[in-house]
Amino acid sequence: METTESLGYLKGLLDGMELDDNKKETKIYKAIIDVLENLTEDVEDITEGMEILAEQIDSVDEDLAAVEEVVYDDDFDCDCCCDDECEEYEIECPACGEIITVDEDTVLQGSIVCPNCGETLEFEVECDCDDCEDCE
């Protein structure tokens with residue numbers, strides 16, 4: 001039985017007892033029923049709020065899953081010359097000592113500006129794949 005149904009049953013029992021409204025016991029019973037009625041309404045409000053919150057959390061979870069799929073996509077394929085997955089390289093800037101992580105495409109471009117100090121770092125590319133312009 002739901003809480004509201006139980007409360008209705010209890011109210012019916014109290015009314016069926018045909019108690020004298022002037023007696024102290026009757027006043028206490030009716031006050032208890034009023035308190036239970038208020039508690040039931042509060043529980044219903046909380047339940048409704050939790051259902052709305054659960055829907056919002058589900059929506060955020062779906063959005064986050066879509067973002068994770070883009071950010072952490074394991075099936076990422078690069079368009080570099082060898083058709084392999086891109087490799088990342090850590091390069092230390094000789095001017096400031098900052099460690100910079102770059103991908104293979106950036107290395108193949110030949111240079112990058114250090115984001116820390118602005119120094120231009122140049123790369124010598126030695127590709128051995130025989131499939132790109134650099135190897136011909």
Side-chain angles (χ1 to χ4, degrees):
M1 207 183 295
E2 293 285 325
T3 307
T4 53
E5 294 169 344
S6 298
L7 183 60
Y9 176 74
L10 190 58
K11 287 171 93 175
L13 283 177
L14 185 62
D15 290 341
M17 292 177 67
E18 298 179 6
L19 299 172
D20 182 10
D21 286 340
N22 296 325
K23 289 192 172 186
K24 293 179 183 180
E25 295 86 10
T26 306
K27 291 179 182 180
I28 290 175
Y29 292 144
K30 287 188 178 188
I32 290 172
I33 295 292
D34 288 343
V35 169
L36 290 174
E37 210 166 33
N38 290 337
L39 289 173
T40 301
E41 289 173 10
D42 291 345
V43 168
E44 287 174 351
D45 290 345
I46 290 170
T47 302
E48 184 179 319
M50 287 185 60
E51 288 171 357
I52 292 170
L53 186 60
E55 289 174 10
Q56 292 173 341
I57 289 173
D58 288 342
S59 177
V60 169
D61 186 46
E62 289 171 9
D63 292 345
L64 181 59
V67 169
E68 286 176 342
E69 189 173 311
V70 171
V71 172
Y72 300 114
D73 186 13
D74 290 337
D75 297 329
F76 174 73
D77 292 323
C78 68
D79 295 328
C80 60
C81 64
C82 302
D83 292 331
D84 294 331
E85 289 189 21
C86 288
E87 294 184 34
E88 289 188 340
Y89 303 95
E90 287 188 352
I91 300 165
E92 183 177 349
C93 175
C96 68
E98 178 79 13
I99 302 294
I100 306 164
T101 303
V102 295
D103 62 8
E104 189 170 5
D105 288 337
T106 304
V107 172
L108 290 174
Q109 289 175 0
S111 67
I112 186 175
V113 175
C114 176
N116 191 44
C117 68
E119 179 77 20
T120 300
L121 309 176
E122 295 187 15
F123 311 116
E124 290 183 24
V125 179
E126 294 180 19
C127 185
D128 59 355
C129 70
D130 295 328
D131 291 336
C132 65
E133 297 170 7
D134 294 333
C135 296
E136 294 176 357

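Note that these values count all heavy atoms, side chains included, but never hydrogens, waters or copies made by symmetry.
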Chemist: To the nearest 0.5 Å, tell me how far Glu98 CD sits from Cys114 SG.
Modeler: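 Answer rounded to 0.5 Å: 6.0 Å.
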
Chemist: Over all heavy atoms of both residues, which pair between Ile33 and Leu7 is shortest? Give the atoms and the distance, please.
Modeler: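 Smallest heavy-atom distance, with atoms named: O-CD1, 4.2 Å.
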
Chemist: Hey, is the main chain of Glu2 close enough, under 3.5 Å, to the side chain of Glu5 for a donor-acceptor pair?
Modeler: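 At least one qualifying donor-acceptor pair exists.
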
Chemist: Between Glu90 and Ile100, does a side chain to side chain contact (heavy atoms under 4.5 Å, CB included) hold up when you go through it step by step?
Modeler: CA-CA 6 Å; Glu90 287 188 352; Ile100 306 164; over 6 Å; no

Chemist: Output, in order, the C-alpha distance, side-chain angles, deciding distance and verdict of side chain to side chain contact (heavy atoms under 4.5 Å, CB included) for Ile28 and Ile32.
Modeler: CA-CA 6 Å; Ile28 290 175; Ile32 290 172; 3.8 Å; yes

Chemist: Taking the side chain as every heavy atom from C-beta outward, state whether Ile91 and Ile99 have any pair of such atoms under 4.5 Å apart.
Modeler: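 Answer no - side chains too far apart.
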
Chemist: Is there a donor-acceptor contact under 3.5 Å from the side chain of Thr26 to the main chain of Asp20?
Modeler: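 Flag set: sc Thr26 to bb Asp20 pair under 3.5 Å.
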
Chemist: When rounded to the nearest 0.5 angstrom, what is the spacing between CG in Leu64 and OG in Ser59?
Modeler: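 Here the rounded value is 11.0 Å.
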
Chemist: Test salt bridge (Lys or Arg N to Asp or Glu O under 4.0 Å) on Lys27 and Asp21; report intermediate values, then the result.
Modeler: CA-CA 7 Å; Lys27 291 179 182 180; Asp21 286 340; over 6 Å; no

Chemist: Rounded at 0.5 Å granularity, tell me how far CG in Asp58 sits from CG in Asp63.
Modeler: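 Asp58 atom CG to Asp63 atom CG measures 11.0 Å (nearest 0.5 Å).
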
Chemist: Check whether any side-chain heavy atom of Cys93 lies under 4.5 Å from a side-chain heavy atom of Asn116, and answer yes or no.
Modeler: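 Cys93 vs Asn116: side chains apart.
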
Chemist: Using 0.5 Å steps for rounding, measure from the CD atom of Glu25 to the CE atom of Met17.
Modeler: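 It is 10.0 Å, given to the nearest 0.5 Å.
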
Chemist: Side chain of Thr40, backbone of Leu36: donor and acceptor closer than 3.5 Å?
Modeler: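 At least one qualifying donor-acceptor pair exists.
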
Chemist: Taking side chain as C-beta onward, heavy atoms only, is Glu119 less than 4.5 Å from Val113?
Modeler: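 With C-beta onward as the side chain, the pair stays apart.
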
Chemist: Would you sort out whether Thr101 and Tyr89 count as a side chain to side chain contact (heavy atoms under 4.5 Å, CB included), showing the intermediate values?
Modeler: CA-CA 6 Å; Thr101 303; Tyr89 303 95; over 6 Å; no

Chemist: Rounded to the nearest 0.5 Å, what separates atom CG in Leu121 from atom OG1 in Thr106?
Modeler: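 With rounding to 0.5 Å, CG (Leu121) is 11.5 Å from OG1 (Thr106).
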
Chemist: Assess the residue pair Lys11 and Leu14 against the criterion (side chain to side chain contact (heavy atoms under 4.5 Å, CB included)); give the C-alpha distance rounded to whole Å, side-chain angles, the decisive distance to 0.1 Å, and a yes or no.
Modeler: CA-CA 5 Å; Lys11 287 171 93 175; Leu14 185 62; 5.7 Å; no

Chemist: What distance separates Leu108 CG from Glu104 CD, expressed to the nearest 0.5 Å?
Modeler: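 It comes to 5.5 Å.
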
